[in-house]
Amino acid sequence: MQDKFLKPYNSQETESKIYKLWEDSGFFNPDNLPPRHKEKYSIMLPPPNVTGILHMGHALTLTIEDIMIRYQRMRGKKTLWVPGTDHAAIATQSRVEKDIKKKEDKSRYDLGREELLKRIGVFVKQSHDTIISQSKVMGASLDWSREAFTMDEKRNLAVRTVFKKMYDDGLIYRGFRIVNWDPKGQTTISDEEIVYEERPAKFYTFKYSKDFPISISTTRPETKVGDTAVAVHPDDTRYQKYIGKEYDTVFCGVKIHIKIIADESVDKEFGTGALGVTPAHSMIDWEIGEKNKLPVVQVIDEKARMMVGGENIFGKKVAEAREIIVEWLKSEGLLEKEEEIKQNVSTAERTGGIIEPLPKLQWFVAVNKSFNIERSNIKGVQSGQETTLKELMENAVKNGQINVIPDYVNKTYFHWIHTLRDWCISRQIWYGHRIPVWYKDKEIYCGIEAPKESGWTQDEDTLDTWFSSGLWTFSTLGWPEKTKDLSFYHPTDVLESGYDLIFFWIARMILMSTYVLGDIPFKHVYFHGMVRNPKGQKISKSLGDNIDPVDISKKFGTDALRMALVIGNTPGTDTRWSDDKVKAYKNFANKIWNITRFILESTKEEKYIPNFDNFSDADKKLIDERNNFVADITKDMEEFRFYMAGEKIYHYAWHTFADIILEDSKKVFVTENADETSKTSRKQFLLSTLRTILIILHPFMPFITEEIWQSINEDKSILMIEKWPI
RNA sequence: GGACGAUUAGCUCAGUUGGUUAGAGCAUACGAUUCACAUUCGUAAGGUCACUGGUUCGAAUCCAGUAUCGUCCACCA
């Protein structure tokens with residue numbers, strides 16, 4: 001027996017050494033696996049944003065996926081797990097901009113496009129390296145030889161190719177429409193990037209002028225200088241006589257022309273039952289305006305300042321203009337009511353800026369537009385059939401081709417698809433994939449490469465970061481090239497992530513894969529719960545309760561950390577972080593260590609005999625129990641119940657094997673009248689059961705199990721690719 | 001406003017889809033132990049499975065309703 005077993009298990013000394021052993025073996029790369037690994041099994045790691053360091057959520061993803069991969073590898077699958085990072089356009093750029101603002105008091109416009117991108121490049125490199133080393137600490141058996149980045153050359157080619165294809169199919173269009181404008185980040189954002197904050201607000205009721213017949217209500221009087229209509233419900237008897245009439249009036253010094261229109265969407269009961277329509281600055285008003293062909297008058301600019309009116313309001317920020325206009329309403333005697341209400345304010349997820357809806361010329365993906373799909377493996381959609389992106393997204397899940405765990409989440413998914421609007425994909429930031437469109441006079445050219453002749457200027461905008469993330473399952477495998485990897489490993493087997501990414505990412509991957517390849521991107525979606533702080537709150541930078549997985553690993557060992565993350569974490573349900581839990585699993589690691597020590601001490605010269613069959617009746621019974629136990633664990637693993645398998649292994653190893661069987665063995669070994677046959681039988685049973693425990697525990701606690709395996713086996717076998725029992 | 005989820009031991013959570021006496025970890029109490037264990041082992045205490053009704057031979061589990069908490073979506077202007 002080696003001396004190290006005389007001391008408690010030391011994770012720090014072990015882990016980096018073992019990780020190196022695995023890396024050197026080459027078995028992270030499926031190409032190097034022995035011939036018994038035939039059937040493919042693939043997972044694409046959700047690429048972490050290159051905005052900083054990994055947190056517990058990433059640690060959890062790495063753990064669960066590593067468990068899946070290690071299990072399948074031991075079962076004989078040819079396992080591919082691809083790592084990568086996401087350029088996270090807005091998140092990364094705003095992060096770097098903030099740093100520069102703080103340190104040098106300069107804006108991106110002071111630096112210019114080229115210089116800013118250079119600075120971002122440096123930041124991204126650092127962030128990337130940190131992320132990689134953290135992932136290795138977690139024990140992740142990722143194939144580093146296939147690492148990808150959402151903005152490297154291959155992925156950029158994939159992005160341009162898809163853009164062109166969608167453009168040619170008429171699914172990407174450029175349109176003048178109302179968009180979510182973030183005045184702080186100076187860019188548009190998608191509907192999904194909005195977060196709502198509840199704030200108190202005032203709800204004002206007033207008339208535009210003394211001679212105007214109808215009162216209206218709003219929380220934003222400053223936008224009313226851009227009104228072009230008042231809408232009432234067609235059945236509203238109070239206002240029917242005005243429908244169709246037009247009025248010229250002056251509102252706070254600004255001439256406005258108002259048409260009274262009838263629209264079903266107006267709620268008779270709300271406010272005065274009459275709605276001042278501002279097509280340029282409200283999503284709903286824009287839609288009413290489109291239906292009724294109303295003129296669009298923009299009164300607020302990109303910096304959220306007033307762009308009309310006299311000195312009193314011109315150039316003022318919207319909040320200031322609001323107060324000034326309310327004062328004006330009061331002084332004119334036009335204000336009829338002022339109520340305190342709660343309002344949901346839309347803010348930009350990344351910058352916190354208050355969203356200003358603005359009409360702008362932008363690029364969109366049309367989700368409801370029909371096109372002919374060339375080739376389809378999607379159930380319910382035939383090759384050559386006319387379909388829409390929405391239909392593809394719906395069918396892939398509806399017909400069970402993609403299995404969602406937990407299954408109730410697909411209700412949320414369908415609901416989201418149902419309300420989905422065209423996706424605004426152009427961003428006015430500099431870090432990201434440049435839109436592959438060029439302009440020359442009134443001509444437009446969309447291509448994978450720039451046009452050869454001179455005189456063309458490329459579109460200034462970049463793409464929503466999720467456009468490239470949406471291609472992740474196949475862009476990582478080399479698409480648009482027809483690679484062997486692509487045909488062998490796609491569709492992938494599992495997509496595992498937090499449920500917060502369902503719309504941003506999961507849905508977009510389904511959209512892209514079904515559209516581009518006519519195939520699903522993955523067979524199963526596994527949503528883990530979010531890791532929360534001990535009080536059950538979301539862990540956030542603002543609370544300052546970030547926990548670095550690397551610190552925990554140093555203190556308790558990665559194996560303990562992994563167990564603490566997985567056990568008790570059921571799909572879709574959040575879990576609370578607690579150091580006590582990790583401590584308990586650190587003790588468990590030590591227990592496994594001591595079990596080994598005891599067995600080595602009590603078997604001594606007895607060597608493990610692989611196909612030993614001269615077991616005593618008592619041991620035969622224990623073997624039956626053990627086999628049942630392993631079968632049970634295997635079933636749990638197959639059915640994605642890792643949280644349960646982990647706990648059962650813990651329980652079997654500690655409270656059945658150690659507490660009962662090892663205690664009982666002491667009697668067997670000590671009793672003088674016990675015959676040699678039953679002693680040998682018991683020794684062989686202990687040696688083989690230790691091996692079994694190491695194997696099935698390996699996906700969960702890879703380091704300590706491999707370390708022990710290396711110590712008890714004289715052949716140079718590696719536990720990571722050992723055969724799973726059964 | 002809509003959808004979804006949760007409610008089980010002091011705390012954090014399981015309960016594999018209807019089947020004996022409802023489980024684990026941590027915490028608690030008592031005892032043992034230097035004989036593998038920077039301890040560990042044993043024993044105990046602790047539950048009206050949110051509430052009300054229903055289906056069933058049988059319900060923590062299925063159905064209907066109520067309450068509380070949480071998440072997501074919509075955004076009433």
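Each chain gets a letter, A, B and so on, in the order the sequences are listed, and its residues count up from 1.
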Touch check for [X], heavy atoms < 4.0 angstrom, all strands: base, sugar-phosphate only, or nothing?
| X | result |
| --- | --- |
| H281(A) | nothing |
| K535(A) | nothing |
| D267(A) | base |
| R576(A) | sugar-phosphate |

Q.
Which nucleotide, if any, forms a Watson-Crick or G-U wobble pair with A60(B), using both distances under 3.5 Å?
A.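 Base-paired to nothing in any strand shown.
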
- For G5(B), which nucleotide in any strand shown is its Watson-Crick or wobble partner with both distances under 3.5 Å?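 Paired with G5(B), as far as the under-3.5 Å criterion goes, is C69(B).
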
### Task
Name the orientation class of the two ring planes belonging to F504(A) and W466(A) (parallel below 30°, tilted from 30 to 60°, perpendicular beyond 60°).
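Aromatic pair F504(A)/W466(A) classed parallel.
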
Angle class for the F642(A)/F640(A) ring planes (parallel below 30°, perpendicular above 60°, tilted otherwise)?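 Perpendicular.
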
Pick the closest RNA chain B nucleotide for I660(A) and for H651(A) by heavy atoms, then say which residue is nearer the 5' end.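 Looking at RNA chain B, the more 5' nearest nucleotide goes with H651(A).
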
Q. If you pin T573(A) and T219(A) to their nearest nucleotides in RNA chain B, which one's is more 5'?
A.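 That would be T573(A).
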
Lys/Arg cation over aromatic F364(A): R177(A), 6.0 Å, 45° cone: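 Judged by the rule (NZ or CZ under 6.0 Å from the ring centre, within 45° of its axis), R177(A) counts as positioned above F364(A).
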
Any side-chain N or O of T570(A) under 4.0 Å from OP1/OP2 of A14(B)?
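Answer yes for this pair, as a side-chain N or O of T570(A) is under 4.0 Å from OP1 or OP2.
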
Using atom P in both nucleotides, what's the gap between G46(B) and A9(B) to the nearest angstrom?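 Looking at atom P only, G46(B) and A9(B) are 14 Å apart.
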
